[in-house]
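Written out below as structure tokens is the structure these notes cover.
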Amino acid sequence: MTSSLKVLRTYAKLSDPSLTALPPTVYFSHTKHTLTIFDAYPKALFHFLVLPRLSADESDLTDLRTLLRQHASGPGAGATLRVLADEAARLRGVVEEEMRARYGFAWDVWVGFHAVPSMEHLHLHVISSDLTAPALKTKRHYNSFSPRAGFFVPLAEVRTWFDDAAAAKVPRLAPEEYEPRLKYALECFRCEQPAKNMPALKKHLQDEFDALRKREGKSKKHRREAEDESASGTAKGKGKKVARLS
DNA sequence: GTTCTAGAAC
DNA sequence: GTTCTAGAAC
């Protein structure tokens, strides 16, 4: 049996990653160099993983540290990071479109890596900033995505490490430095309010998102109606389903 | 990564 | 008595 911790690598090695090879609960899309899947345990309303595909002649790509090592010895890693960034940017646009179609407004979408991932094979998280999904259950889950904890490394930051003459800035990504961040005290990433436990934090996050939705949904709806008055006849896109309902 | 569950916290 | 966390097992 394939270990669940290594399943991403088996996906990355598929010569034809599509609905013929992967179930619809896993597969979202692919390009020549990337594969995008639904996170099996989404921690937000929208949560995808973008993987670099591995061709037979390519070397291993376990995680971000592997990529940084490759970067130190040649140009290949920069190309990998670029195709991931391109695909993530495209996916973010698709997600935002779906947010508007379903919720009437678009909220932040975070794109980045876990400093110390649990699953083997490099994977870029593309996750909406609500953090309100049922699979977000533990302090570790929360801190691994909270922008305040510093365990989640934004793609934009990684790309600065790949700039010329940035070698001195590249971190070691040592587990002993990052894993303690997963144990940080619970506090809301928006307002810093402390939470006494996970159920309390989850309730707060849901309240925060509901309030945002009420504010943004209303103002965007009014703006859209105003636009419709001046430019009528715009087709209403139905929007491809991009996240499973649970 | 998740599941299970013992014992801490309430 | 019930809720919640966190470490072992997978």
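Values reported hereafter were calculated over all heavy atoms of this structure, with side chains retained and with hydrogens, waters and symmetry mates removed. The model shown is predicted, which means the values in this text are computed figures rather than measured ones. Chain letters run A, B, ... following the sequence lines, proteins first and then strands; every chain starts at 1.
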Between [N] ([atom2]) and [X] ([atom1]): distance, integer Å:
X	N	atom1	atom2	answer
A:Lys202	C:dT5	NZ	C1'	15 Å
A:Leu5	B:dT3	CG	C1'	13 Å
A:Asn197	C:dT2	CG	P	18 Å
A:Ile37	B:dG1	CD1	C1'	12 Å
A:Met198	B:dA8	CE	C1'	18 Å
A:Leu136	B:dG1	CG	P	11 Å
A:Lys183	C:dT5	NZ	P	14 Å
A:Leu182	B:dG1	CG	P	8 Å

What is the nucleic acid contact for [X], judged by heavy atoms within less than 4.0 Å: base, sugar-phosphate only, or nothing?
X	value
A:Pro117	nothing
A:Lys196	nothing
A:His141	sugar-phosphate

Inset, instruction - Classify the ring geometry between A:Trp110 and A:Phe189 as parallel (under 30°), tilted (30 to 60°) or perpendicular (over 60°). - result: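 Rings of A:Trp110 and A:Phe189: perpendicular, as their planes differ by over 60°.
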Inset, instruction - Could you tell me whether the phosphate oxygens of B:dG1, OP1 or OP2, come under 4.0 Å of any side-chain nitrogen or oxygen in A:Arg140? - result: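 Looking at the OP1 and OP2 atoms of B:dG1, one of them is under 4.0 Å from a side-chain N or O of A:Arg140.
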Inset, instruction - Respond yes when some side-chain nitrogen or oxygen of A:Lys43 is under 4.0 Å from OP1 or OP2 of B:dT2, and no when none is. - result: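 Yes, within the criterion.
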Legend entry - Polar side-chain atom of A:His121 near backbone of A:Pro52 as donor-acceptor pair, under 3.5 Å: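 Indeed, once roles are kept as given, a pair shorter than 3.5 Å links the two residues.
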Legend entry - Between A:Thr66 and A:Asp63, a side-chain donor and acceptor under 3.5 Å: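 Result is yes, a qualifying pair exists.
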Inset, instruction - Specify the closest pair of heavy atoms between A:Leu5 and A:Ser118, including all atoms of both residues, with the distance to one decimal. - result: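 In this case the closest contact between A:Leu5 and A:Ser118 is CD2-O, 4.0 Å.
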Legend entry - Closest non-hydrogen atom pair between A:His30 and A:Pro17, with its separation: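 What the structure gives for the nearest pair is ND1-O, 2.8 Å.
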Inset, instruction - Could you please name the option among C:dT5, B:dT3, B:dG1 that lies closest to any side-chain atom of A:Lys137? - result: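 Nucleotide nearest to A:Lys137's side chain: B:dT3.
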Legend entry - From B:dG1, C:dC4, C:dA6, nucleotide with atom closest to A:Lys139 side chain: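 The nucleotide sitting nearest to the side chain is C:dA6.
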